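Before any comments, here is the structure.
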Amino acid sequence: DQSLRLDPNNAVVYIRRGLAYANLKQFNRAVKDYDQSIQLNPNLAMAFNSRGIAYLMSDQAQNGCADIKKACMLGECEVYEIMRQKNICR
């Protein structure tokens, strides 16, 4: 939170806090932070991957796969390929 007070327009700081929430299984809070990160930088693949995983963990496969696919379109395809191999995403 202190990092956000110092630099509230830093998209990566929102991802980091979102990851902390996700580790605590607070996926709704994590998604809100990833949303903010994406709003600040819509080309940040890590934010889409992170939000996609949070959606998948919240049983929102359609949203999760859409985000993971978007991350792949932005250049980060590792998560998408894993989810395709496991038949989670197509």
Side-chain angles (χ1 to χ4, degrees):
D1 287 338
Q2 182 176 352
S3 296
L4 286 174
R5 282 191 290 274
L6 295 173
D7 192 2
N9 295 316
N10 186 331
V12 175
V13 174
Y14 284 97
I15 292 172
R16 288 184 183 145
R17 189 171 72 175
L19 291 171
Y21 286 138
N23 284 333
L24 296 170
K25 301 198 184 320
Q26 296 179 13
F27 300 114
N28 289 336
R29 293 179 83 178
V31 165
K32 287 179 184 178
D33 274 350
Y34 302 140
D35 288 343
Q36 185 63 34
S37 178
I38 291 165
Q39 183 176 356
L40 291 169
N41 185 348
N43 296 312
L44 197 56
M46 184 180 183
F48 283 98
N49 268 333
S50 299
R51 188 174 72 176
I53 292 168
Y55 278 139
L56 289 173
M57 297 301 293
S58 301
D59 294 322
Q60 296 181 52
Q62 187 173 2
N63 289 336
C65 290
D67 274 354
I68 291 168
K69 191 172 188 178
K70 174 68 174 177
C72 186
M73 289 190 296
L74 291 170
E76 287 188 22
C77 293
E78 184 177 351
V79 175
Y80 179 64
E81 292 302 324
I82 291 169
M83 294 302 152
R84 279 188 42 188
Q85 289 173 3
K86 293 183 177 199
N87 291 320
I88 296 171
C89 297
R90 298 175 193 179

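Computed from heavy atoms alone, side chains included, the values below leave out hydrogens, waters and symmetry copies. For clarity, every value in this text was computed on a predicted model and none was experimentally measured.
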Mind listing the closest non-hydrogen atom pair of [X] and [Y] along with its distance?
X: Pro42; Y: Phe48; result: O-CE1, 3.4 Å
X: Ala61; Y: Leu56; result: CA-CD2, 3.7 Å
X: Ser37; Y: Ala47; result: OG-CB, 3.6 Å
X: Ala11; Y: Leu44; result: CB-CD2, 3.9 Å
X: Leu74; Y: Ala45; result: CB-CB, 3.8 Å
X: Ala30; Y: Gly18; result: CB-O, 3.3 Å

Taking the side chain as everything from C-beta on, heavy atoms only, tell me whether Arg16 gets closer than 4.5 Å to Tyr14.
no

I'd like to check Ile68 versus Ile88 (side-chain heavy atoms, cut-off strictly below 4.5 Å). Are they in contact?
no

Shared hydrophobic cluster for Val31 and Leu19 (ILVMFWY, side-chain gaps under 4.5 Å)
no

To the nearest 0.5 angstrom, please state how far the [atom1] atom of [X] sits from the [atom2] atom of [Y].
X: Met73; Y: Asn43; atom1: CE; atom2: CG; result: 11.0 Å
X: Ile15; Y: Ile38; atom1: CD1; atom2: CD1; result: 8.0 Å
X: Ser58; Y: Gln26; atom1: OG; atom2: CD; result: 11.5 Å
X: Asp67; Y: Lys70; atom1: CG; atom2: NZ; result: 9.5 Å
X: Asn41; Y: Met46; atom1: CG; atom2: CE; result: 12.5 Å
X: Arg90; Y: Tyr80; atom1: CZ; atom2: OH; result: 10.5 Å

Can a donor-acceptor pair be found between the side chains of Tyr34 and Arg51 at a distance below 3.5 Å?
no

Identify which one of Cys89, Cys65, Cys72 satisfies the side chain to side chain contact (heavy atoms under 4.5 Å, CB included) criterion when paired with Met83.
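Only one option passes, and that is Cys89.
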
Can you list the steps and then say if Arg29 with Phe27 is a side-chain contact (heavy atoms from CB on, under 4.5 Å)?
CA-CA 5 Å; Arg29 293 179 83 178; Phe27 300 114; over 6 Å; no

Does Glu81, at its CD atom, have more than 12 non-hydrogen atoms belonging to other residues, nucleotides or ligands within less than 6.0 Å?
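More than 12 heavy atoms, drawn from other residues, nucleotides or ligands, come within 6.0 Å of this atom.
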
